[in-house]
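Since we're looking at a predicted model, the values are computed, not measured.
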Amino acid sequence: MIEFRSVSKEYPDGTAAVDDFSLVVPAHKTTVLVGSSGCGKTTLLRMVNRMVDPTAGSIEIDGEDILSRNAVQLRRSIGYVMQNSGLLPHITVADNIATVPVLQGTPRRAARERALELMNTVGLDPAFADRYPAQLSGGQQQRVGVARGLAADPNILLMDEPFGAVDPIVRAELQNELIRLQEGLGKTIIFVTHDVDEAFLLGD
């Protein structure tokens, strides 16, 4: 469970991105934040893994204030999937997926085996394992991004408009894939979108 308690974020120039926001995000469910660009959705999302720290208020994961956690370790324990997949262009698909497990000390061979399993899980042919991101379509890159988010088997998955940059047909495929994955995995997902239809489709 993630709990936002009277959270605010004000930037040095005086911009208030989030103002006195409170919410309990239930465990093992998909919670969707929906709203127009610039309303603070991504800021809220990035506060959960401390890419942004709140100016006021607190955020707790399972009753523990996240500010008491080491920011790097916290980030590595939470899956993060963004628009345009954010893949590292100079390493292969399998190595992209294995990035966090390797950083956490998983041997490379085991991390690669896990990457190949996850490619199957997200509906991507393991034959693509040794290709580079630029050799994949946009939809395939997003699947790699989802696999990378799942690689360290996090309890929490943050998804920031992950399907926003692909065409409508691929987007529908990816949405259905996420629903299927969540039925099997039961992660605590916070999903950001400006698309109301997507919000109703994916959110619990």
Side-chain angles (χ1 to χ4, degrees), residues 1-2 25 27-31 45-51 61-64 66 68-163 165-166 170 173-192 202:
M1 184 178 81
I2 305 165
V25 177
H28 313 300
K29 301 284 186 191
T30 301
T31 300
L45 197 73
R46 291 183 172 180
M47 284 199 252
V48 176
N49 67 359
R50 294 196 58 193
M51 288 171 77
I61 295 176
D62 295 332
E64 181 184 17
I66 60 170
S68 70
R69 299 267 307 270
N70 174 281
V72 173
Q73 288 175 340
L74 177 73
R75 251 169 245 147
R76 289 179 186 171
S77 72
I78 294 173
Y80 186 64
V81 184
M82 64 191 89
Q83 194 171 6
N84 297 319
S85 68
L87 301 177
L88 301 166
H90 59 286
I91 63 175
T92 65
V93 165
D95 286 342
N96 261 288
I97 296 169
T99 302
V100 173
V102 168
L103 287 171
Q104 291 178 328
T106 301
R108 284 192 178 274
R109 178 174 289 190
R112 182 182 170 87
E113 285 173 9
R114 169 85 175 134
L116 295 175
E117 280 173 26
L118 280 166
M119 289 179 72
N120 271 319
T121 302
V122 300
L124 193 62
D125 189 335
F128 292 129
D130 295 317
R131 294 193 187 180
Y132 290 87
Q135 295 173 297
L136 303 184
S137 70
Q140 289 167 337
Q141 289 181 24
Q142 283 305 137
R143 287 172 192 262
V144 176
V146 173
R148 185 179 60 180
L150 294 170
D153 198 21
N155 292 322
I156 295 168
L157 191 58
L158 306 176
M159 306 189 80
D160 189 6
E161 303 220 18
F163 311 144
V166 294
V170 174
E173 276 179 23
L174 291 169
Q175 290 167 342
N176 289 328
E177 200 69 42
L178 181 63
I179 291 166
R180 184 186 66 78
L181 279 175
Q182 179 65 335
E183 284 171 355
L185 300 173
K187 301 292 183 188
T188 302
I189 297 176
I190 303 181
F191 190 105
V192 161
L202 298 178

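Here the closest heavy-atom approach between residue Ala27 and residue Met1 is recorded as CB-N, 3.8 Å. When all heavy atoms are compared, the tightest approach of Gln182 to His28 is NE2-O, 3.9 Å. Closest non-hydrogen pair, Val192 versus Pro162, comes out as O-CD, 4.3 Å. Looking at every heavy atom in both residues, Leu87 comes nearest to Arg148 through CA-NH1, 3.8 Å. Scanning both residues, Ala152 and Gln104, for their nearest heavy atoms gives CB-OE1, 3.5 Å. Between Gly139 and Leu174 the shortest heavy-atom distance is O-CD2, 4.0 Å.
Using a 4.5 Å heavy-atom cutoff, the side chains of Val170 and Phe163 are not in contact. Side-chain contact between Val146 and Leu181: present, with at least one pair of heavy atoms (C-beta onward) separated by less than 4.5 Å. Considering only heavy atoms from C-beta on, Ile66 stays 4.5 Å or farther from Val48 through its side chain. Side chains of Leu150 and Leu185 form a contact here, defined as non-hydrogen atoms less than 4.5 Å apart. For the pair Thr106/Arg114, no side-chain contact is recorded, criterion being any heavy-atom separation below 4.5 Å from C-beta on.
Residues in residues 130-142 take part in these salt bridge (Lys or Arg N to Asp or Glu O under 4.0 Å) pairs, two or more places apart or across chains: Arg112-Asp130. For residues 177-188, the salt bridge (Lys or Arg N to Asp or Glu O under 4.0 Å) pairs, not counting sequence neighbours, are Arg143-Glu177, Asp153-Lys187, Glu177-Arg180.
A search for side-chain hydrogen bond (donor to acceptor under 3.5 Å, both in side chains) contacts involving Gln141 returns nothing, not counting sequence neighbours. For Gln140, the side-chain contact (heavy atoms from CB on, under 4.5 Å) test picks out Leu124, Phe128, Leu136, Ser137, with sequence neighbours left out. Residues satisfying the salt bridge (Lys or Arg N to Asp or Glu O under 4.0 Å) criterion with Asp62, sequence neighbours excluded, are absent altogether.
With Ile61 as the partner, the side-chain contact (heavy atoms from CB on, under 4.5 Å) test is satisfied by one option alone out of Asn155, Ile78, Thr188: Ile78.
Taken from CD in Gln83 to CD in Glu161, the straight-line distance is 5.5 Å, to the nearest 0.5 Å. The line from OG1 of Thr30 to CG of Leu157 is 8.5 Å long, rounded to the nearest 0.5 Å. Between Ile189 atom CD1 and Leu158 atom CG the span is 10.0 Å, to the nearest 0.5 Å.
The main-chain N or O of Leu202 is never found under 3.5 Å from a side-chain atom of Gln175 such that the two would form a donor-acceptor pair. A donor-acceptor contact shorter than 3.5 Å links the side chain of Gln135 to the backbone of Tyr132. When atom types are taken as modelled, the side chain of Arg50 and the backbone of Arg75 share no donor-acceptor pair closer than 3.5 angstrom.
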Donor-acceptor pairs under 3.5 Å, side chain of residues 94-102 to any protein atom, not counting sequence neighbours: which ones?
residue : atom : partner : partner atom : Å
Asp95   : OD2  : Thr92   : OG1          : 3.4
Asn96   : OD1  : Leu88   : N            : 2.8
Asn96   : ND2  : Leu88   : O            : 3.0
Asn96   : ND2  : Ile91   : O            : 3.2
Asn96   : ND2  : Thr92   : O            : 3.2
Thr99   : OG1  : Asp95   : O            : 3.0
Thr99   : OG1  : Asn96   : O            : 2.8

